[in-house]
Colleague: 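Take this structure first; my questions come after.
Proteins come first, then strands; the chains are lettered A, B, ... in the order of their sequence lines, and each starts at number 1.
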Amino acid sequence: MGAKERREVDELLRSVRFGGEFHVDHLHEPGLEASASELHLLVPHHGASARNTQRDILYIDPDVVLDELRAHDFQTVLRATMEQWSAHFADMATQLGVARNDALTSERLVTLESKVKLLEARVAQLEQRPEMPIRHLPDDGDPFALLRELKTELGEDRFRWFLEDE
Amino acid sequence: MAATVIRFDDAKNPPRTVFVDSSFIRALIQWSSDPGVASAAAAHGFYDRAKRANARLWTTPFTAEEILWAYVRRALQDTCRTYGIVSIGDLKRERRGDYARTIESCRPEILKMITALNRLKISFEFPGDQAAVRGTWGQMVWRAASQILDRFPIETADAFHIACATVGGTDHIASLDSDFREVDGLTIYCYM
């Protein structure tokens, strides 16, 4: 692999990598393997065979990505890769019992009107001045205590220097 | 037409945002040590009601500087007297070491006063400090102060305070200084 090609691959990997290796040792559905093999983006870890179904790490082989890049344009490969990862995450969430958000329907899409309503509600909430966040700040005691302490330190005369007008 | 004037005692419902000047803060400092002084008590009453109503009290850092400089100036004047020097300017020129030592000796009290001022929960900021977008705030203050000085017979420092307040979106000013009353469009909260 040449230097230019390596750079391209590095750039692509930076785009699709999710902070390092992704453990998928609990993902063994037949459908998942099929979809993975379609893109040839799943290869085994630690030098194991590509046919090894006991793969424990999901990562992207630069050489395979390069092949994909030769065959398709960058956006196609990237989109396909992201879809692949998205499917993996969805399956993993299902297996882990994590509730998954439904796709946004038109009703759930935040429209301009609903944004305005939210802002109006927020303004109405802020208008309730006693409930503004500052009311919940911890009370740090008497705000004048330090001034009294300073007066004790300085004495009456010197403390009054602060009170002199221009 | 002059400013609208409201006495501290009559301001039962303080505005949401008030610009305070150095005379108001001095009155609060005075109240801390001498709550019997009527003007200080009135200022503190207004301050207390404003804080309870979650009003925002703010001013510029220059207001704090006026209070801090008064202390340092007095210390320098004492040093001048010690050496029979007439002015601080002369002290600076003729006895630079004593000038510097005097300023240095004020540092602990100045730092403590800065902390005490922060405890009052009065925001020291310039107009536009909390703005979501970048603006030409300095130029706006400069123009506003120029217009105020052109129209009203007030001190330059007061003109710049008012300019900062109005550019910062506040025309409510708490002050024990009667000069602000000259400027129409303002609402002045005062002692008398």
Colleague: Is it the backbone or the side chain of Arg158(A) that comes under 4.5 Å from a heavy atom of chain B, or both, or neither?
Modeller: both

Colleague: Hey, are Arg81(B) and Asp78(B) close enough for a salt bridge, meaning a charged N less than 4.0 Å from a carboxylate O?
Modeller: yes

Colleague: Please classify the contact of Leu28(B) with chain A as side chain, backbone, both or neither, using a heavy-atom distance under 4.5 Å.
Modeller: both

Colleague: What part of Thr115(B) gets closer than 4.5 Å to chain A, counting heavy atoms only: side chain, backbone, both or neither?
Modeller: both

Colleague: Does any backbone or side-chain atom of Ala75(B) lie under 4.5 Å from a heavy atom of chain A? Answer side chain, backbone, both or neither.
Modeller: both

Colleague: Using non-hydrogen atoms and a 4.5 Å limit, figure out which bit of Leu154(A) sits close to chain B: side chain, backbone, both or neither.
Modeller: side chain

Colleague: Do the two ring centres, one from Trp58(B) and one from Phe124(B), sit under 6.0 Å apart?
Modeller: no

Colleague: Could you list the residues that satisfy ring pair (Phe, Tyr, Trp, His ring centres under 6.0 Å) with Phe126(B), not counting sequence neighbours?
Modeller: Phe62(B)

Colleague: Is the terminal nitrogen or CZ of Arg95(B) (NZ for Lys, CZ for Arg) located under 6.0 angstrom from the six-membered ring centre of Tyr83(B) and within 45° of that ring's axis?
Modeller: yes

Colleague: Applying salt bridge (charged side-chain N to carboxylate O under 4.0 Å, His left out) to Arg101(B) and Asp98(B), what does each step give before you reach the verdict?
Modeller: CA-CA 5 Å; Arg101(B) 272 189 288 279; Asp98(B) 291 308; 3.3 Å; yes

